[in-house]
Amino acid sequence: MQATTEQLLWMYEKMIEIREYEETMSRVYLEAKLPPKIQKGLAFDIGAGPVPGEMHLAGGQEPVAVGVCAHLRRDDTVVGAHRSHHFAIAKNVDLAAMTAEIFGKATGLGRGKGGHMHLFDPAVKFSCSGIVGAGAPQACGAALAAKKLGSDAVAIAFFGEGAANQGAFHEALNLAALWKLPVVFVVEDNKYGISVEKSASTAIASNADRAVAYGMPGVLVEKNDALAVFEVAGEAVARARRGDGPTLIEVKTDRYFGHFQGDPETYRPKGEAKDLRQHDPIPALAGLLRSRKLLDDEAEAALRARVSTRVQAAYDFGRNSPYPDPQDALLHVFAH
Amino acid sequence: MSTATPATTRCLSMAQAISEATAQEMARDSRVFVMGEDVGKYGGIFSATTGLLDKFGPERVMDTPISETGFMGAALGAAAEGLRPISELMFVDFFGVCFDQIYNHIAKNHYMSGGHCKYPLVITTGIGGGYNDAAQHSQCLYSIFAHVPGLKVVVPSNAYDAKGLMTSAIRDDNPVVFLYHKGIMGLSWMSYFEGSTNEVPEEQYTIPFGQARIVRTGSDVTIVTLSQMVHKSVLAAEALAAEGISAEIVDLRTLVPLDRASVLASVAKTGRLLVADEDYLSFGLSGEIAALVAENLDTLRLKAPVRRLAVPDVPIPFSRPLEQFAIPQVDNIVASVRGLMAFKLD
């Protein structure tokens, strides 16, 4: 499947947006979390600063998000996991409301009740969960609903390679194949389940091979490359839309940050993250665009300025929005 | 309150009443569908879906693989898209294989979305012992669901209530856990308490959540109870009446929301409280009711300490004499009430 010029440029711009968003978050997150501003004796204070709690950044994993979401419509469903900013951005989640949510503000997607692992934007059918593997069955439910409602909408479940060892993953694959659901399962293999290497957690090298057990196509994308993902995802999404059932895709991708921001990363070789950046997928796509005369310095500058404005506006909105009233903690347990 | 003045009533078992409520709501609302293990041709292991497959076909009455995490998660995903699934867990004891979907997602997603997303789904499941099914197929566990914020919890004691509560459950925009005791479903293969099979109108009606039912009025002691234990309490109250003791029985019907006002009003009247529960004793329903009364001692005057009857913190044993000992019986209720009446508070 050939990407159109529009799709190529969209993917490029979204990758830059994701990267800038995550790089910015990596700095904002650390504000007020390090000595000497924190309790004496601590090296880091997870609950301090404007963005408290855990923070899982997706820098480096942009190709997976844009390569898949380039094929999606507003009424397609995406279910992500704990590390989902890139999917949210690629699914066109409201960036300002998302950022406000991550800051815990009243203007956030969940009015400050969810935080960065629990982002819900029903307008674009996006949700994510902090529980590894839990999204796969939920995507099956969205796909089942589409089928029942006579829509050709599809559902995507994104999760890490660690989730492929969860029962939920295997149950979901069986259910999807059994009921021929319009769902695509996308495994991001970033090599580590927190600190445990894939080879120490997973009995086979490629999770794509597990598709055989459920009678569905399984495709391994060996390169952390937006176009490579785009091509494989295009076929999978089209297959789902046609009513031909699910596909399992695994993408070998790179995690530039720790499992969470502040992770000492003692489990991976020193300098690994830096080396991974030698194969940054963003300049790779820029090179391709330039070779096809789809991008020049002027267009690049305009695009980056556009992205910076968007990202900065979202951060400003998040930072400057009011906190919820404390007693609002009591609201929204039940729908009325 | 129930909305119907019954025009046409028949005696239905609780299983028939649940199935009828579901069928009528499926006919009224095309978004409603049923999924779970053996809900199709078999009609539900406890007959809660009997007849639905013939009426609505396999698209709306879906047998699932034995993959509770898979289909509970799918129920959530379908509910998020605007459908209204009824997802059967068969035995409540099986929640352990899928509780993540229930307590971390189904219960919390509405809240974590700041109220922007709704998950209208019903989880139906069988509870209770008394027929020697041992520790993994005999529990009640409703307190666990009631403990987690975000789930409504319904535990009916008879067919009339079950139909009205089930209709309300399906129409509710929130996740509802609907727990039916196997020993009051009116199954042809398990003895049951006959009071659970009662007159049920053919027409649809709803019973709102959070309204306990006074099963029997009395002046000496309040028995707060639910589910099958309601029927044991009625038998106990009849025996106590012969001794001149007047017991009031409060059937909670729903744990979330809990009708605290009815409990407090009854205890204010009688001054004595026995909680009769088939769940485990500690950290559960009976403790919650006792705490409710304790927190209101400024407006209540007790004539005796609160007493609790429940499974004494042991797994449900298999052998008949062991199980009958572990699960509170009519005689235990009678003896507990006698004890309450004998007590003299200074």
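Every value quoted in this text rests on a predicted model; they were computed, and no experiment measured them. So you know, we letter chains A, B, ... as the sequences are listed, proteins then strands, and number each from 1.
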Between [options], which residue shows the highest count of heavy-atom pairs closer than 4.5 Å to chain B?
| options | answer |
| --- | --- |
| A:C140, A:A146, A:P122, A:G135 | A:P122 |
| A:A168, A:G130, A:G141 | A:G141 |
| A:K147, A:Q138, A:H336, A:R111 | A:Q138 |
| A:T77, A:I131, A:V79 | A:I131 |

Checking heavy atoms, do the side chain of [X], its backbone, both or neither come under 4.5 Å from chain A?
| X | answer |
| --- | --- |
| B:I66 | neither |
| B:E81 | both |
| B:M35 | side chain |
| B:T64 | both |
| B:H105 | side chain |
| B:V148 | neither |

Which portion of [X] sits near chain B, non-hydrogen atoms under 4.5 angstrom:
| X | answer |
| --- | --- |
| A:L331 | backbone |
| A:L149 | side chain |
| A:A329 | both |
| A:N174 | side chain |

Task: Ring centroid separation B:F91 to B:F94 under 6.0 Å - done: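 Yes - the distance between ring centres of B:F91 and B:F94 falls below the 6.0 Å cut-off.
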TODO: Verify whether the ring centers belonging to B:F95 and B:Y103 lie closer than 6.0 Å.
DONE: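 No, ring centres 6.0 Å or more apart.
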- [ ] Could you tell me how the ring of A:F159 sits relative to the ring of A:F185: parallel (under 30°), tilted (30 to 60°) or perpendicular (over 60°)?
- [x]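 A:F159 and A:F185: tilted rings.
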Open item on the list: Atom CD of residue position A:Q327 - does it have more than 12 heavy atoms of other residues, nucleotides or ligands inside 6.0 Å?
Closed with: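 Counting other residues, nucleotides and ligands, CD of A:Q327 exceeds 12 neighbours.
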Task: Atom NE2 of B:H137: over 12 foreign heavy atoms under 6.0 Å - done: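 Correct, the count exceeds 12.
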Open item on the list: salt bridge (charged side-chain N to carboxylate O under 4.0 Å, His left out), that's the test. Do B:D172 and B:K152 meet it? Break it down for me.
Closed with: CA-CA 9 Å; B:D172 203 293; B:K152 294 190 178 179; 2.9 Å; yes
- [ ] Flag the pair A:D75 and A:K125 as a salt bridge only when some basic side-chain nitrogen lies within less than 4.0 angstrom of an acidic carboxylate oxygen.
- [x]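 Salt bridge flag = no for A:K125 with A:D75.
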Open item on the list: Working note: B:Y42 + B:T49, criterion side-chain contact (heavy atoms from CB on, under 4.5 Å); need CA distance, chi angles, decisive distance, verdict.
Closed with: CA-CA 8 Å; B:Y42 198 106; B:T49 58; over 6 Å; no
- [ ] For chain A, find which of B:G115, B:S30, B:S67 contributes the most heavy-atom pairs closer than 4.5 angstrom.
- [x]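 Option with the top pair count is B:S67.
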Task: Leading residue by heavy atom contact count with chain A [cutoff under 4.5 Å; candidates B:Q101, B:K108, B:M72] - done: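 The candidate making the most pairs under 4.5 Å is B:Q101.
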Task: Candidate pair A:H118 and A:S129, rule side-chain hydrogen bond (donor to acceptor under 3.5 Å, both in side chains), full reasoning - done: CA-CA 5 Å; A:H118 315 105; A:S129 164; 5.7 Å; no
Task: A:M117 backbone acceptor or donor facing A:H82 side chain under 3.5 Å - done: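 No.
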